[in-house]
Amino acid sequence: MLRFMLEALIFDVDGTLADTERDGHRPAFNAAFAEAGLAWHWDEALYGELLAVTGGKERMRFYCERHDPGFLAQAGAEQRIRALHAAKTRHYLKLLERGGIPLQPGVARLLREAHGAGLRLAIATTTTPENVTALLPPDLLALFETVGAGDTVARKKPAPDIYLWVLQQLGLPAGACLAFEDSANGLKASLAAGLPTVVTISEYTQDHDFAGALAVLSDLGEPDRPCVVRSGTLHGRTLVDLDLLQAWHRDTINKT
Ligand code: XBP
Ligand code: MG
């Protein structure tokens with residue numbers, strides 16, 4: 001049996017590094033729709049349903065299929081979706097520029113600790129690459145050696161493709177990595193790529209099915225703000241730190 005050392009951590013972005021959907025992506029979509037003179041408006045509840053589909057362009061097509069099929073039947077519909085998405089990205093980037101969305105508890109701390117200890121860091125997300133660059137402060141962005149994002153692969157999560165692409169870039173087997181996700185679609189993608197996965201829930205994903213996750217937590221925790229455990233074990237700790245990552249990694253080896 002092959003036993004790998006823990007060498008890299010692979011992070012999802014939306015919902016995992018920051019809670020970006022309700023007050024970030026959603027208002028950016030709505031601003032793009034209003035600007036284009038469309039009567040579409042995605043309220044908080046509807047947006048929760050639309051999150052069943054990952055990727056902004058894919059989400060708009062999904063919305064049209066259910067609520068405005070005539071739009072998709074028009075000539076040039078695909079071009080309009082692309083233009084709407086470009087406008088949505090512009091609005092989202094403006095929102096991030098204004099300092100709109102903080103990172104989740106423990107994210108900056110764990111990234112610095114892991115990088116300092118020689119673990120390699122990567123991103124596997126369905127969102128547009130510029131959105132990642134704008135969300136992370138430059139000193140944290142610089143810690144990631146590989147960013148797999150957006151249309152890099154044709155099939156978005158829950159397909160494993162973006163994780164497989166990142167593993168290929170890292171030149172590592174899945175058994176040498178841990179993934180961090182916040183949603184059922186993300187977890188399906190990481191598990192299908194063979195990656196042991198820790199889930200930190202986000203506002204829209206708290207009721208998702210996370211069967212197969214190593215642990216399901218409120219967040220990564222801070223020294224003065226312990227994380228809440230939904231499932232799995234913190235091996236006696238109150239937050240996610242390097243020792244816990246190693247303990248989880250040993251658990252995955254012992255299970256195989
Ligand atoms: C995130 C997404 C993204 C964003 C929008 O999923 O689904 O589509 O909502 O991003 P995950 P774009 O966290 O599972 O990667 O509009 O840039 O596509
Ligand atoms: Mg996510």
Side-chain angles (χ1 to χ4, degrees), residues 10-33 40 42 44 46-64 80-96 100-101 103-104 107 122-136 144 146-166 179-193 195 197-210 213 216-217 219-220:
I10 309 176
F11 289 84
D12 167 50
V13 173
D14 294 300
T16 300
L17 296 185
D19 214 345
T20 49
E21 297 292 3
R22 189 191 68 186
D23 299 326
H25 291 290
R26 187 184 66 87
F29 280 111
N30 285 331
F33 303 154
W40 303 351
W42 293 357
E44 291 178 19
L46 172 62
Y47 194 67
E49 293 166 27
L50 298 175
L51 282 173
V53 171
T54 65
K57 295 185 287 295
E58 294 80 355
R59 190 167 300 143
M60 282 189 270
R61 287 186 206 111
F62 178 61
Y63 170 79
C64 288
R80 284 191 78 189
I81 294 273
R82 285 183 181 278
L84 282 167
H85 191 250
K88 175 261 167 175
T89 299
R90 178 166 43 78
H91 286 291
Y92 183 68
L93 293 176
K94 243 193 282 168
L95 193 146
L96 289 181
I101 304 177
L103 297 181
Q104 292 283 59
V107 166
I123 278 174
T125 176
T126 67
T127 205
T128 304
E130 298 92 293
N131 297 350
V132 181
T133 313
L135 179 72
L136 289 165
F144 289 95
T146 296
V147 177
D151 298 324
T152 302
V153 293
R155 294 187 315 156
K156 295 189 173 163
K157 300 173 189 176
D161 302 29
I162 195 66
Y163 278 105
L164 296 173
W165 184 88
V166 166
F180 293 81
E181 271 290 352
D182 74 301
S183 69
N185 275 331
L187 178 64
K188 275 187 200 151
S190 58
L191 292 180
L195 287 155
T197 304
V198 178
V199 169
T200 52
I201 54 175
S202 59
E203 192 179 348
Y204 276 118
T205 66
Q206 38 194 315
D207 300 322
H208 286 191
D209 178 3
F210 294 122
V216 180
L217 314 172
D219 51 68
L220 298 173

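Just so you know, ligand 1 is whichever comes first in the structure, and atom 1 is the first atom listed for that ligand. Any value given below was found using the heavy atoms of this structure, including those in side chains, with hydrogens, waters and symmetry copies removed.
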Quick one: which ligand 1 atoms are inside 4.0 Å of a heavy atom on Lys88? 5 (C), 10 (O), 12 (P), 16 (O), 17 (O)
Say whether Arg59 and ligand 1 are in contact under the criterion: heavy-atom distance to a ligand atom below 4.0 Å. yes
Could you establish whether Thr125 and ligand 1 come within less than 4.0 Å of each other, counting only heavy atoms on the residue side? yes
Judged by non-hydrogen atoms, does Phe11 sit under 4.0 Å from ligand 1? no
Can Asn131 be said to touch ligand 1, with heavy atoms closer than 4.0 Å? yes
So for ligand 1, is Gly56 a polar contact partner (N or O within less than 3.5 Å, distance only)? yes
Please evaluate residues Asp14 and Asn131 with respect to the criterion side chain to side chain contact (heavy atoms under 4.5 Å, CB included), reporting the C-alpha separation (whole Å), side-chain torsions for both, the decisive distance (0.1 Å), and the verdict. CA-CA 10 Å; Asp14 294 300; Asn131 297 350; over 6 Å; no
Which atom of Ala149 lies closest to which atom of Thr152, heavy atoms considered: O-OG1, 2.5 Å
Check whether any side-chain N or O of Thr205 sits under 3.5 Å from a backbone N or O of His208 as a donor-acceptor pair, and report yes or no. no
Identity and distance of the protein heavy atom lying nearest atom 11 (P) of ligand 1: Asp12 OD1, 3.3 Å
Closer than 4.0 Å to some heavy atom of Thr126 - which atoms of ligand 1 meet that? 1 (C), 2 (C), 3 (C), 6 (O), 7 (O), 8 (O), 11 (P), 15 (O), 18 (O)
So, for Gly148 and Ile162, which heavy atoms are closest and what is the spacing to 0.1 Å? C-CD1, 3.6 Å
Enumerated ligand 1 atoms positioned under 4.0 Å from heavy atoms of Thr128: 12 (P), 17 (O)
Under 3.5 Å, side chain of Arg59 to main-chain N/O of Val53, donor-acceptor pair present? yes
Taking Lys156 first and then Asp151, would you say they form a salt bridge - that is, a charged N and a carboxylate O separated by under 4.0 Å? yes
Near Gly55, which atoms of ligand 1 are under 4.0 Å from a heavy atom of that residue? 2 (C), 3 (C), 7 (O), 8 (O), 18 (O)
Does Lys157 use its side chain to pair, donor to acceptor, with the backbone of Ala124 at less than 3.5 Å? yes
Flag the pair His25 / Trp42 as yes when at least one side-chain heavy-atom distance between them is below 4.5 Å, and no otherwise. no
Under 3.5 Å: N/O of Lys157 near N/O of ligand 1: yes
Does the N or O separation between Phe29 and ligand 1 drop below 3.5 Å for any pair? no
Show your reasoning for whether side chain to side chain contact (heavy atoms under 4.5 Å, CB included) applies to Leu103 and Leu136. CA-CA 8 Å; Leu103 297 181; Leu136 289 165; 4.1 Å; yes
Can Tyr47 and Tyr204 be said to form a side chain to side chain contact (heavy atoms under 4.5 Å, CB included), step by step? CA-CA 9 Å; Tyr47 194 67; Tyr204 276 118; 3.8 Å; yes
Provide the number and element of each atom of ligand 1 under 4.0 Å from a heavy atom of Tyr47. 9 (O)
Is there a side-chain contact between Gln104 and Thr200 in this structure, where contact means two heavy atoms from C-beta onward sitting under 4.5 Å apart? no
Applying a heavy-atom cut-off of 4.0 Å, say which part of His85 lies close to ligand 1: side chain, backbone, both or neither. side chain
What are the protein N/O/S atoms, named by residue and atom, that sit under 2.8 Å from the Mg ion (ligand 2)? Asp12 OD2, Asp14 O, Asp182 OD1
Side-chain contact, heavy-atom cut-off 4.5 Å: His91 with Lys88? no
Are the side chain of Thr16 and the backbone N or O of Val13 linked by a donor-acceptor pair below 3.5 Å? no
Can you confirm, on distance only, whether ligand 1 has an N/O atom lying under 3.5 Å from any N/O atom belonging to Thr54? no
Within 4.0 Å of some non-hydrogen atom of Glu21, the atoms of ligand 1 are 1 (C), 2 (C), 4 (C), 9 (O)
Would you say Val13 contacts ligand 1, with heavy atoms under 4.0 Å as the rule? no
If you scan protein heavy atoms around atom 10 (O) of ligand 1, the nearest is Thr127 OG1, 2.8 Å
Side chains of Tyr163 and Asp12 in contact at under 4.5 Å (non-hydrogen atoms): yes
With the threshold set at under 4.0 angstrom, would you say Gly15 reaches ligand 1 through any of its heavy atoms? no
